[in-house]
A.B. asks: 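Have a look at this one.
Given the structure is predicted, the values throughout are model-derived calculations rather than measurements. As the structure lists them, so they are numbered: ligands from 1, and atoms in each ligand from 1. Only this structure's heavy atoms are used, side chains among them; waters, hydrogens and symmetry mates stay out.
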Amino acid sequence: MPMPERGRPWPELAAEMEAMRAGDLDWRRGRHGAYVWYASDDLEHVLREAFGMFLVENGLGIRVFPSLARMESEVLETVADLLGGPGAPGIFTSGGTESIFLAVAAMREWARATRPGLQRPGVVAPHSAHPALDKAAHYLGLEVRRVPVGPDFRADPAAMATAIDGQTIGLYASAPSYALGMVDPIAELGQLAAARGLWLHVDACVGGILGPFVRELGYPVPPFAFEVEGVTSVSADLHKSGFAAKPASTVLFRTEAHREFARFTFSDWPGGTYSSLTFTGTRPGGAIAAAWAAFQFLGREGYRELAGASMRARAAIESGLRAIDGVRIHGEPQLFAFAWAAEGVSMGRVAAALAREGWVAARTTSPDGIHVMATPIHERYADEYVAAAARAVAAARAAAGPALERPAAYN
Ligand SMILES: Cc1ncc(COP(=O)(O)O)c(C=O)c1O
């Protein structure tokens with residue numbers, strides 16, 4: 001579409017953009033199993049205002065924007081505190097993928113400095129790890145060795161230990177994994193990493209901010225961050241369970257020296273020394289401001305409420321699903337993400353039937369299932385989801401016929 005010769009008034013554009021939204025995912029009615037983390041209209045208002053206030057400012061020039069510098073360091077200090085590592089140095093990034101990229105980049109540089117001469121450095125990870133790891137490894141020239149998870153769908157430390165070889169530089173685990181919502185056994189993996197002299201990155205992109213509050217409410221969430229010796233870096237997204245505006249995430253490191261391995265510095269150009277800890281150059285001031293405002297507006301009390309609402313949403317959806325004939329939840333997830341399946345039917349058919357009713361039903365493949373990321377808004381729509389799921393399972397059963405074999409996941 002060529003640019004219009006003459007500009008158009010905002011009200012006309014706003015109306016056109018509003019109309020464009022008609023076909024979008026209806027997240028205000030909780031139809032999402034992914035993509036959106038929404039807390040309340042009040043918080044949405046605060047995020048818009050805060051983002052708007054710093055819309056033009058650029059986080060690349062943090063030195064000339066002491067406001068952004070202060071907000072960024074306060075956010076990072078808060079996250080370090082939540083992750084059991086008060087004072088742990090961090091980087092404010094554009095999302096989980098950038099946070100993981102920087103952790104893996106730092107891991108590689110650390111290995112280059114401490115173990116020079118490795119020919120094909122690699123990372124050992126459970127099969128459940130998010131593809132952001134492989135994306136990072138792809139760009140950084142590292143090998144990822146994925147190891148099957150245990151029968152509980154968590155990382156299997158013994159299998160990971162077996163996969164370590166002389167070229168392994170680090171281990172990777174999740175808290176929780178995206179697909180099935182499992183918190184990996186970080187304490188055991190921390191011991192393994194420490195014993196073998198490896199870097200351990202914990203991908204807490206989903207659970208990093210809200211997980212500690214879920215634990216505070218009395219749910220059994222094991223330590224998954226810097227409380228565990230042997231954890232070298234942790235990524236925690238502000239734009240997921242921190243309920244901040246996109247794009248915003250954090251990656252924290254055990255020590256300043258570890259964080260420095262993420263730094264890129266270059267001087268051989270006419271602009272002097274360029275030195276940066278992030279992958280991106282220009283960074284949205286609005287995202288930093290909105291994250292700071294979210295923490296201050298909600299406080300610990302607000303996050304505890306969001307944690308409670310997320311867990312109640314999960315419980316309501318789970319118990320409704322379990323009442324559907326043949327439905328089971330995969331494993332025992334500890335946070336707000338989980339996956340379910342119905343015996344004797346193709347979950348692809350179930351997901352398609354849900355999608356026809358407007359629900360985003362992300363699939364899991366091993367085992368076959370449908371992923372749910374329960375957020376506070378889902379508490380309100382749990383019954384509608386369960387009813388739609390029951391219709392979808394019935395439709396899939398009718399389509400499949402009674403002779404269908406049980407899927408491999410149940411063998
Ligand atoms: C566990 C986990 N890690 C990393 C990511 C990547 O995050 P982003 O999409 O913000 O880059 C996701 C995204 O869903 C995730 O669930």
Side-chain angles (χ1 to χ4, degrees), residues 25 27 32-38 75 79 83 90-105 107 123 125-139 144 146 149 153-155 170-184 186 189 200-211 214 221 224-225 231 233-252 278-280 283-284 287-288 290-291 294 310 314 330-331 333-339 360-366 369-375:
L25 162 67
W27 58 266
H32 54 295
Y35 308 126
V36 170
W37 297 79
Y38 168 80
V75 166
V79 176
L83 295 177
I91 309 174
F92 191 110
T93 75
S94 62
T97 303
E98 187 187 1
S99 290
I100 290 165
F101 179 89
L102 292 172
V104 177
M107 183 195 294
V123 181
H127 186 248
S128 52
H130 190 275
L133 166 64
D134 302 75
K135 195 188 245 187
H138 169 73
Y139 290 122
V144 176
R146 282 180 179 254
V149 292
F153 305 117
R154 297 182 213 288
L171 304 178
Y172 190 96
S174 313
S177 58
Y178 167 78
L180 301 192
M182 298 299 161
V183 177
D184 288 327
I186 306 298
L189 292 171
L200 170 58
H201 178 71
V202 178
D203 172 1
C205 286
V206 166
I209 308 297
L210 216 52
V214 173
V221 180
F224 59 77
V231 168
S233 55
V234 182
S235 48
D237 288 2
L238 301 164
H239 65 200
K240 291 192 176 80
S241 69
F243 296 92
K246 298 173 188 69
S249 169
T250 60
V251 56
L252 286 92
T278 50
F279 182 80
T280 56
R283 300 188 302 130
I288 296 170
S310 304
R314 177 191 138 189
H330 290 312
Q334 296 106 320
L335 291 169
F336 24 81
F338 68 94
V360 165
R363 292 289 316 287
T364 65
T365 53
S366 49
I370 288 177
H371 161 88
V372 175
M373 187 71 80
T375 72

A.B. asks: Using only atom types and a distance under 3.5 Å, with no angle test, would you say the side chain of Asp184 pairs donor to acceptor with the backbone of Ala173?
C.D. replies: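 Not confirmed, Asp184 side chain does not pair with Ala173 backbone.
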A.B. asks: Where the side chain of Glu98 meets the backbone of Thr278, is there a donor-acceptor pair that is under 3.5 Å apart?
C.D. replies: no
A.B. asks: What are the two closest non-hydrogen atoms of Pro333 and Phe338, and how far apart are they?
C.D. replies: CG-CB, 3.5 Å
A.B. asks: In terms of relative ring orientation, are His201 and Tyr172 parallel, tilted or perpendicular, with 30° and 60° separating the classes?
C.D. replies: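 Aromatic pair His201/Tyr172 classed tilted.
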A.B. asks: If the criterion is any heavy atom closer than 4.0 Å to an atom of ligand 1, which residues make the list?
C.D. replies: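 Contacting ligand 1 under 4.0 Å are Gly95, Gly96, Thr97, Ile100, His130, Pro176, Tyr178, Asp203, Cys205, Val206, Asp237, His239, Lys240.
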A.B. asks: Look only at the side chain of Thr93 and the backbone of Gly95, and say whether a donor-acceptor pair between them is shorter than 3.5 Å.
C.D. replies: yes
A.B. asks: By side-chain hydrogen bond (donor to acceptor under 3.5 Å, both in side chains), which residues pair with Tyr38, not counting sequence neighbours?
C.D. replies: Asp41
